[in-house]
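One is the number of the first residue; the rest follow in order along the sequence. Each ligand, and each atom within it, is numbered from 1 in the order the structure gives.
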Amino acid sequence: MASHPNHHGRRLGFAWLACLLWHGLLAGAATVTYDFNITWVTTNPDGMADRRTIGINGQWPIPTIRVNVGDRLVVNVLNSLGDEATSLHFHGLFMRNATHMDGPGAVTQCPIPPGERFTYNFTVDQPGTYWYHSHVHGQYPDGLRGPFIVHDPASPFKDMYDEERVMTVSDWYHDAMPGLLKRFMSKANPTGAEPVPNSALLNETQDLSVPLQPGKTYLFRMVNIGAFAGQYVWFEGHNMTIVEVDGVYTHPAEASMIYLSAAQRCSFLITARNDTSGNFPIVASMDTDLFDTLPDDLNWNVTGWLVYDSAKPLPAPAVLDAPFEPFDDIGLVPWDNQTLLGEPDQTISLDVIMDNLNDGANYAFFNNITYTAPKVPTLYTVLSAGEHATNPAVYGTYTHSFVLEKDQVVDLVINNLDPGKHPFHLHGHTFQVIWRSEDEAGTFADSNVGPADYPKIPMRRDTIVVHPNGNLVLRFKSDNPGVWLFHCHIEWHVQSGLMATFVEAPLDVQRTISIPADHKAVCDKAGIPTVGNAAGNQVDWLDMKGENMPPGRLPDGPRGE
Ligand SMILES: *[C@@H]1O[C@H](CO)[C@@H](O)[C@H](O)[C@H]1NC(C)=O
Ligand SMILES: *[C@@H]1O[C@H](CO)[C@@H](O)[C@H](O)[C@H]1NC(C)=O
Ligand SMILES: *[C@@H]1O[C@H](CO)[C@@H](O)[C@H](O)[C@H]1NC(C)=O
Ligand SMILES: *[C@@H]1O[C@H](CO)[C@@H](O)[C@H](O)[C@H]1NC(C)=O
Ligand SMILES: *[C@@H]1O[C@H](CO)[C@@H](O)[C@H](O)[C@H]1NC(C)=O
Ligand SMILES: *[C@@H]1O[C@H](CO)[C@@H](O)[C@H](O)[C@H]1NC(C)=O
Ligand SMILES: *[C@@H]1O[C@H](CO)[C@@H](O)[C@H](O)[C@H]1NC(C)=O
Ligand SMILES: *[C@@H]1O[C@H](CO)[C@@H](O)[C@H](O)[C@H]1NC(C)=O
Ligand SMILES: *[C@@H]1O[C@H](CO)[C@@H](O)[C@H](O)[C@H]1NC(C)=O
Ligand SMILES: [Cu+2]
């Protein structure tokens with residue numbers, strides 16, 4: 001397969017990128033095609049251990065996807081892993097009229113079995129900094145994770161910078177996810193202690209140099225593509241001017257340090273100094289509050305450098321005292337000044353709870369439900385259920401499905417009854433963050449706040465951290481028919497069940513979506529049914545006999561490990 005994306009039949013090299021930008025401007029939307037042969041490669045990004053890693057076209061880090069606003073993107077996937085199924089999710093993209101291209105296995109598609117092909121094909125109508133990653137079996141930390149940039153010729157900041165740099169931050173494990181997950185979800189780990197990463201990476205390496213030219217201004221597009229760790233990031237001798245979070249342009253805000261949870265993005269301007277007298281460390285520091293243990297040999301920091309003169313030394317970073325005080329994203333104001341949406345038509349309240357089930361393993365719950373995948377992908381139930389599609393019961397108990405009507409204002413109240421931080425992500429939307437408590441605040445009901453306390457112009461993004469034993473209120477409009485997951489973006493917690501499903505305007509989905517033959521073919525290959533309720537029944541739509549279920553509950557007793 002071609003290792004470069006194909007643009008109207010032409011090979012796309014670096015020189016082409018500039019042309020592509022102009023093409024988008026002058027000639028309207030283009031179709032950008034990538035051929036991805038997904039294979040195993042061997043990598044060693046921290047220099048400590050060779051390991052089997054998921055690459056694309058023999059390459060890792062995997063390619064950055066780049067399109068212009070308005071373009072159609074076609075990604076032809078061939079799963080050449082041999083021993084694992086896969087999928088691609090395009091994090092933060094709205095997938096309007098294309099919920100079937102969203103990527104999560106058992107939700108909007110069947111996992112792509114080894115040897116099979118699958119095409120993602122959708123238009124991109126939003127600017128900004130995104131990423132793409134596998135959305136099956138806790139797989140992306142094994143390497144299938146990369147940036148996705150949507151260039152915007154009409155960006156309000158386009159005259160404020162000279163060049164752009166894409167930079168990821170991530171955590172890294174020496175062991176592969178299938179084995180780590182088996183140990184994580186076992187009775188040998190009753191407290192649900194998450195495996196601690198072995199290293200932090202900047203741009204998937206520990207040896208990053210970013211050449212800067214004096215006086216120029218750079219737009220950095222930073223993405224946390226990690227599995228678990230939030231990271232503090234700072235640039236010695238330079239401040240950042242934040243202009244975008246999670247695809248939402250913001251009024252410029254100055255910061256000397258930012259915090260990015262797993263899956264969050266931030267774009268900021270950095271103006272290079274006028275002299276070349278030295279080079280400056282870029283530091284990312286994993287949030288060790290998330291780790292149950294701190295192994296003696298763990299270096300939770302990674303350093304890169306802003307390089308003004310490659311002949312000069314790369315200095316070690318200054319040691320800062322934790323706890324850090326990163327920029328508080330709640331203070332950001334969206335550039336479009338979108339005001340607080342009106343009073344909610346529906347309020348969904350989800351309590352975050354960790355508890356053991358009778359297999360002895362530790363599970364994550366929203367209220368009393370730990371997510372368990374259905375037999376029929378939820379979208380395929382929507383498409384086969386006719387008028388039953390508006391009844392959440394057909395999606396099964398353990399997909400934790402909520403049916404939303406079109407164009408409702410929805411409040412999502414998250415009460416974190418757990419002492420950990422959780423970065424929550426909603427597919428298909430950004431949300432207004434209208435309330436976020438500090439640590440140890442109890443439930444929202446205990447917080448004594450109401451509409452008068454909500455910001456007039458709330459910050460919007462697609463991933464937000466709820467504080468330990470704190471709470472959150474997120475508000476969004478259900479204006480995007482589709483099947484959208486809401487989940488913690490710590491990959492361990494995805495696997496332990498911290499996930500719910502929003503089935504948005506299902507009858508509209510039936511009118512606008514038809515499943516391409518290659519999507520159905522991968523289900524047939526894997527023996528997964530594409531019609532019926534969550535249990536695969538289509539005679540009595542409310543008969544859930546045979547549905548997938550989590551292990552049973554323990555007899556009543558004290559809760560919370
Ligand atoms: C995909 O990659 C595998 C492993 O490198 C290779 O054997 C195979 O020929 C490739 N397939 C295509 C269609 O490029
Ligand atoms: C999505 O489909 C609806 C109904 O066919 C149509 O009105 C709308 O313009 C489409 N939106 C996009 C972004 O394609
Ligand atoms: C992508 O979708 C468009 C619109 O439905 C269609 O015209 C085009 O043929 C599709 N391309 C591929 C490669 O499937
Ligand atoms: C990070 O790596 C990608 C290639 O994987 C490259 O395109 C990008 O420029 C790098 N970023 C920086 C800041 O060097
Ligand atoms: C960064 O901002 C802080 C506070 O806004 C200021 O004190 C500091 O001097 C700035 N640093 C640089 C390098 O501009
Ligand atoms: C660099 O020099 C120019 C012109 O003297 C000045 O306007 C600018 O503020 C300087 N930039 C920095 C980062 O010091
Ligand atoms: C990581 O960096 C922080 C900030 O400088 C420092 O406090 C901490 O000691 C460093 N940790 C290690 C393991 O070096
Ligand atoms: C948002 O409001 C500010 C004033 O607070 C104004 O300067 C700016 O033009 C507004 N932006 C848009 C996109 O309307
Ligand atoms: C969850 O609680 C509700 C309300 O108490 C109850 O109706 C439902 O059966 C419970 N579900 C599970 C899976 O335990
Ligand atoms: Cu979590």
Side-chain angles (χ1 to χ4, degrees), residues 46 138 184 192-194 196-200 202 206 217 226-242 252-259 261-264 268-275 278 280-292 294-304 306 315-328 331 350-354 362-366 370-371 414 416-425 463-470 472 485-500:
D46 61 7
F184 171 62
E194 300 82 6
V196 176
N198 298 98
S199 294
L202 262 177
Q206 293 194 331
T217 298
F228 180 18
Q231 305 228 21
Y232 300 91
V233 180
W234 64 96
F235 296 76
E236 285 189 15
H238 300 71
N239 280 340
M240 303 167 246
T241 303
I242 297 171
E254 193 172 19
S256 51
M257 177 189 279
I258 58 168
Y259 181 91
S261 77
Q264 286 184 326
F268 44 84
L269 302 170
I270 287 189
T271 298
R273 300 162 73 100
N274 281 333
D275 64 274
F280 293 83
I282 308 169
V283 189
S285 183
M286 294 196 288
D287 178 0
T288 56
D289 288 358
L290 292 158
F291 304 158
D292 285 21
L294 211 49
D296 288 339
D297 59 351
L298 175 67
N299 178 5
W300 59 89
N301 300 324
V302 58
T303 306
L306 297 177
V319 176
L320 304 187
D321 292 327
F324 304 130
E325 286 188 13
F327 182 85
D328 184 358
L350 299 173
D351 292 357
V352 176
I353 294 161
M354 304 288 173
N362 193 273
Y363 288 79
F365 297 78
F366 278 136
T370 184
Y371 182 91
I414 309 300
N416 183 10
L417 310 185
D418 177 72
K421 299 174 193 174
H422 300 276
F424 281 107
H425 170 49
T463 306
I464 182 83
V465 176
V466 65
H467 289 165
N469 288 301
L472 269 180
L485 285 180
F486 177 73
H487 64 93
C488 175
H489 219 292
I490 291 175
E491 198 63 349
W492 307 112
H493 300 167
V494 169
Q495 292 305 300
S496 65
L498 204 48
M499 196 143 80

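- The shortest N/O to N/O separation between L298 and ligand 7 does not fall below 3.5 Å.
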| task | Go through the steps to decide whether S285 and N301 satisfy the test side-chain hydrogen bond (donor to acceptor under 3.5 Å, both in side chains), and finish with yes or no. | result | CA-CA 4 Å; S285 183; N301 300 324; 2.6 Å; yes
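- Annotation for M286 and A200: closest pair CG-CB, 3.8 Å, computed over non-hydrogen atoms.
- In this structure, F366 and F486 have parallel ring planes: the angle between them is below the 30° cut-off, well short of the 60° mark.
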| query | Given the rule in the side chain to side chain contact (heavy atoms under 4.5 Å, CB included) test, do E194 and H493 qualify, once you have shown the distances and angles that lead to the verdict? | reply | CA-CA 9 Å; E194 300 82 6; H493 300 167; 2.7 Å; yes
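- For ligand 7 and N301, the ligand atoms under 4.0 Å from any heavy atom of the residue are 1 (C), 2 (O), 3 (C), 8 (C), 10 (C), 11 (N), 12 (C), 14 (O).
- Between the Cu ion (ligand 10) and the N, O or S atoms of H493, the shortest distance is to ND1.
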Quick one: table the atom pairs, ligand 5 N or O against protein N or O, below 3.5 Å, distance rounded to 0.1 Å.
unit_1: ligand 5; atom_1: 2 (O); unit_2: N239; atom_2: ND2; d: 2.3
unit_1: ligand 5; atom_1: 11 (N); unit_2: N239; atom_2: ND2; d: 3.0
unit_1: ligand 5; atom_1: 14 (O); unit_2: N239; atom_2: ND2; d: 3.3

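- Only side-chain heavy atoms of F324 come within less than 4.0 Å of ligand 7; its backbone N, CA, C and O stay farther off.
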| Full working for side chain to side chain contact (heavy atoms under 4.5 Å, CB included) between W234 and L320 | CA-CA 11 Å; W234 64 96; L320 304 187; 3.6 Å; yes
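- Checking side-chain atoms of R273 against main-chain N and O of G237 turns up a donor-acceptor pair under 3.5 Å.
- Not counting sequence neighbours, the partners of V196 by the side-chain contact (heavy atoms from CB on, under 4.5 Å) test are F291, T293, P295, L298.
- Seen from the Cu ion (ligand 10), atom SG on C488 and atom ND1 on H422 lie at an angle near 130° (rounded to 10 degrees).
- Ligand 7 lies less than 4.0 angstrom from a heavy atom belonging to A318.
- Between Y232 and I258 there is no side-chain heavy-atom pair separated by less than 4.5 Å.
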| task | Would you sort out whether F235 and F280 count as a ring-ring contact (aromatic ring centres under 6.0 Å, His included), showing the intermediate values? | result | CA-CA 7 Å; F235 296 76; F280 293 83; over 10 Å; no
